[in-house]
4 protein chains.
Amino acid sequence: MSFKNDKRTRILRAAVKVFAQKGFYNAKVAEIAKGAGVADGTIYLYFKGKDEILISIFEEEMAKFIAKAHAQIESASQIDHKLRAFIHTHLDFVKNNPKLAQVFQLELRQSNKFIKEYTGSKLKEYLNLIGELISEGQRQGVIRADIHPGLAKRAIFGALDEVATQWVLLKRNKYDLRQSADQIADMFLRGVTNNQTSMKGGASP
Amino acid sequence: MSFKNDKRTRILRAAVKVFAQKGFYNAKVAEIAKGAGVADGTIYLYFKGKDEILISIFEEEMAKFIAKAHAQIESASQIDHKLRAFIHTHLDFVKNNPKLAQVFQLELRQSNKFIKEYTGSKLKEYLNLIGELISEGQRQGVIRADIHPGLAKRAIFGALDEVATQWVLLKRNKYDLRQSADQIADMFLRGVTNNQTSMKGGASP
Amino acid sequence: MSFKNDKRTRILRAAVKVFAQKGFYNAKVAEIAKGAGVADGTIYLYFKGKDEILISIFEEEMAKFIAKAHAQIESASQIDHKLRAFIHTHLDFVKNNPKLAQVFQLELRQSNKFIKEYTGSKLKEYLNLIGELISEGQRQGVIRADIHPGLAKRAIFGALDEVATQWVLLKRNKYDLRQSADQIADMFLRGVTNNQTSMKGGASP
Amino acid sequence: MSFKNDKRTRILRAAVKVFAQKGFYNAKVAEIAKGAGVADGTIYLYFKGKDEILISIFEEEMAKFIAKAHAQIESASQIDHKLRAFIHTHLDFVKNNPKLAQVFQLELRQSNKFIKEYTGSKLKEYLNLIGELISEGQRQGVIRADIHPGLAKRAIFGALDEVATQWVLLKRNKYDLRQSADQIADMFLRGVTNNQTSMKGGASP
DNA sequence: GATGAATGAGCGTTCATTCAT
DNA sequence: AATGAATGAACGCTCATTCAT
């Protein structure tokens, strides 16, 4: 009534719930339809198929999330603070959206279509937030020039993703994600080693 | 004849081939059986189901791989070299075993059983190789004491995993994995920032 | 504007095209609507359903065709010429209206409704053209009195129908339909045997 | 137990029953399976799909029927008697196998696969029985040399087929098929006209 | 141990038709 | 009359797994 695309939104919302609860493969389209209060066939007016629902959830939530991450980055002035802000935003999202996180970390990867045919732009866009941070830092001379932004963005994303997945899998979470965020930021910014000691020269004097 | 578990081995070998070629969900048990030269039913004398074949591949290849990674680590004397050796070993494996890498990076994750019920020890064992490196480095004072080994191992593994997945997905690989390995090692050892400059103080003099 | 039932006509025209191209079962009502430039629902203002479109095509084209066949028959003076004219008209129609022929010979028969519930008058009317020719011939003494017109009309129609179907199926038509028409007329008028020889008495003297 | 292909036969038998009762499109594979006392999936061990069941029924019953028709033809000595025997055999089959006749005359034609992709040999073989009769008659000089056997076989088959279809459709059969057979044989052998009268010369004296 | 014929649960998707506007 | 978004029934087929031999 009040919203355009009312049904589309309702379908997506219902799908997140069902996917998180049953898993992608066990989720029945009929159940999503029921949850959304539409007929089974109606779903196919808005989405090409079950995989596309999943991918749409990803794309659309990512769009929102990218905007938020972007804002968080902008609110920091220095590169290291920006990267730290990014990392925090990433893990905060996981912590604050457990259902979506379940879908992103676990269910999404079970869709062949997503893994092997995903051509959407949001993931790339998200990764580029990191890539651009690195590049910017290099221009400022804060980040080493030999760092390959295209690799660094994958490494940082991969680290966050893995930690996020563990957090989702271990429903009773041993570690605090906020603390983890800080540690991960430290690792990437300063490395795991004691800076005083030149690693090149070795640990011994 | 000459090998104990001849059939078991043949089944696993055939499965790797089929999984890599068709993907886990499109792989048919009958096709694996045919590739292994056994009857469909025979497979169930050795494995509980399709997922268990996949998981067995993982467990057994990981066992070999862990041994190799362990040896590589041992062959280095300093912690940083050990970590660097580990990272190289990981990405070398990916590079040198494209079929297995495809299975590990992509197909394995489509198995609900693996994702949600995996209880094998090999992944943990593998991650602990990293964890122990970190701990050892901390005991030596080379690695900062505030690093949480349980988190660091996930972060390092995640970074490698993500890079490996990209490498598998982009069949024509833009970047050289050996070079990537060095960069990743640098990132984790030294961080991405210029060490000389205290990040706390900011980028400007 | 200018035509009464403009839309109805456009729907039928579009339907012939789509049915001939895709076959009755693969033809989508939506596609017919699109072809006719009307909304899906509009079709149901003019026809009860998909089958009825098909049947309407048949009925209406048959009406035209019956008129033509009738005229052709009338233009001949003798019964045998009339029958020959009829047969020619039938096969000429097939030859000159390939799309309609495809629909009549192949698609129409896939409609359960048409096969099992058809109650229209046109087919009967058409068959009666033959039946009446036979009867007329009998009154004139030209056609044997023991011929059952109701059976003969089916036999003649069946022969023409089968030949027409073959012609439609074999897109590259081996045989010439005009020549076939003459042969069929001969067969029914004179029989396949050499008339000189009494068949009852056998072929040998 | 006692028969090889026990299941295959049971499936075909059940299918004839269900197809005749419900029609091809309304027949459910599950119902055929139930009727045959096998699991749904078992059907697909013997047939590629629903259409193939239908086509197999046709091919296999035709094989039997061709043998019988062949024998009937052989038992007659003269060409005209042979053709008459053939026609009788055809319509006797229809009369004596109402369920099969229903499937052959009505349901078979609703299968797109059968109509448009049928490549089996039985129909051709059957038609050739007639074609060869014609040819043989021509060699004996009993049948006019200008008759095209390839066309005559279609005409005769078409006539029989149409009459058979009517007989099946009108469950309460007005006319006797044995009598119809004789009439049809007469029509094709002697033509519908009074032989005494030269048609060329016209009907009037 | 080995076989492979048999099982049968499971479901995404289409599309003719309807009906509120 | 016309629209077109919404409906929802309907089902063939696959294939992992079992089990009698």
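Proteins get letters first, then strands, A, B, ... in listed order; numbering begins at 1 in each.
Between the side chain of C:Gln105 and the backbone N or O of C:Val168, no donor-acceptor pair lies under 3.5 Å.
When every heavy atom of B:Ala36 is checked against every heavy atom of B:Ala14, the shortest pair comes out as N-CB, 3.7 Å.
Considering only residues two or more places apart in sequence or on other chains, C:Ser56 meets the side chain to side chain donor-acceptor pair (under 3.5 Å) condition with none of them. Residues satisfying the side chain to side chain contact (heavy atoms under 4.5 Å, CB included) criterion with C:Leu123, sequence neighbours excluded, are C:Phe58, C:Tyr118, C:Leu127, C:Phe157. The salt bridge (Lys or Arg N to Asp or Glu O under 4.0 Å) search around D:Lys124 returns none, not counting sequence neighbours. Residues meeting the ring pair (Phe, Tyr, Trp, His ring centres under 6.0 Å) test with D:Phe65, sequence neighbours left out: D:Phe93, D:Tyr126. For A:Ile57, the side chain to side chain contact (heavy atoms under 4.5 Å, CB included) criterion is met by A:Leu12, A:Ala15, A:Val16, A:Phe19, A:Ile53, A:Glu61, A:Leu100, A:Phe104, not counting sequence neighbours. In terms of the salt bridge (Lys or Arg N to Asp or Glu O under 4.0 Å) criterion, residue partners of C:Lys122 (sequence neighbours excluded) are, by chain and number, C:Glu125.
Once you apply a 4.0 Å limit to the heavy atoms of chain C, the touched nucleotides of DNA chain E run 5' to 3' over E:dC15 to E:dT18.
Residue B:Tyr44 places its side chain closer to F:dA16 than to any other of F:dA2, F:dA16, F:dT7.
Using a 4.0 Å cut-off between a side-chain N of Lys or Arg and a carboxylate O of Asp or Glu, B:Lys99 and B:Glu107 do not qualify as a salt bridge.
Atom pair A:Ile11:CD1 and F:dT7:C1' shows a separation of 13 Å (rounding to whole Å applied). Atom pair D:Lys48:NZ and F:dC15:P shows a separation of 16 Å (rounding to whole Å applied). Here F:dG12 presents its C1' atom at 15 Å from OH of C:Tyr25, a figure rounded to the nearest Å.
Nucleotides of DNA chain F nearest to C:Gly41 and B:Lys113 differ in position, and the one nearer the 5' end is that of C:Gly41. Heavy-atom nearest nucleotides on DNA chain F were determined for D:Thr42 and for C:Leu45, and the one closer to the 5' end corresponds to C:Leu45.
Within the structure, every pair that satisfies the salt bridge (Lys or Arg N to Asp or Glu O under 4.0 Å) test and touches residues 38-60 of chain D, not counting sequence neighbours, is listed here: D:Arg8-D:Glu60. Residue pairs meeting the salt bridge (Lys or Arg N to Asp or Glu O under 4.0 Å) criterion with at least one partner in residues 28-39 of chain D, sequence neighbours excluded, are D:Lys22-D:Glu31.
The stretch residues 49-60 of chain D comes close to DNA chain F through D:Gly49, D:Lys50, each having a heavy atom under 4.0 Å from the strand. The stretch residues 27-40 of chain B comes close to DNA chain F through B:Ala27, B:Lys28, B:Val29, each having a heavy atom under 4.0 Å from the strand.
Counting heavy atoms from C-beta on, the side chains of C:Ile32 and C:Val38 never come closer than 4.5 Å. Put simply, the side chain of B:Tyr44 reaches to within 4.5 Å of the side chain of B:Val29, judged on heavy atoms.
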Note, DNA chain E 5' to 3' with Watson-Crick or G-U pairs under 3.5 Å encoded as ( ), [ ], | and . gives .||||||||||||||||||||
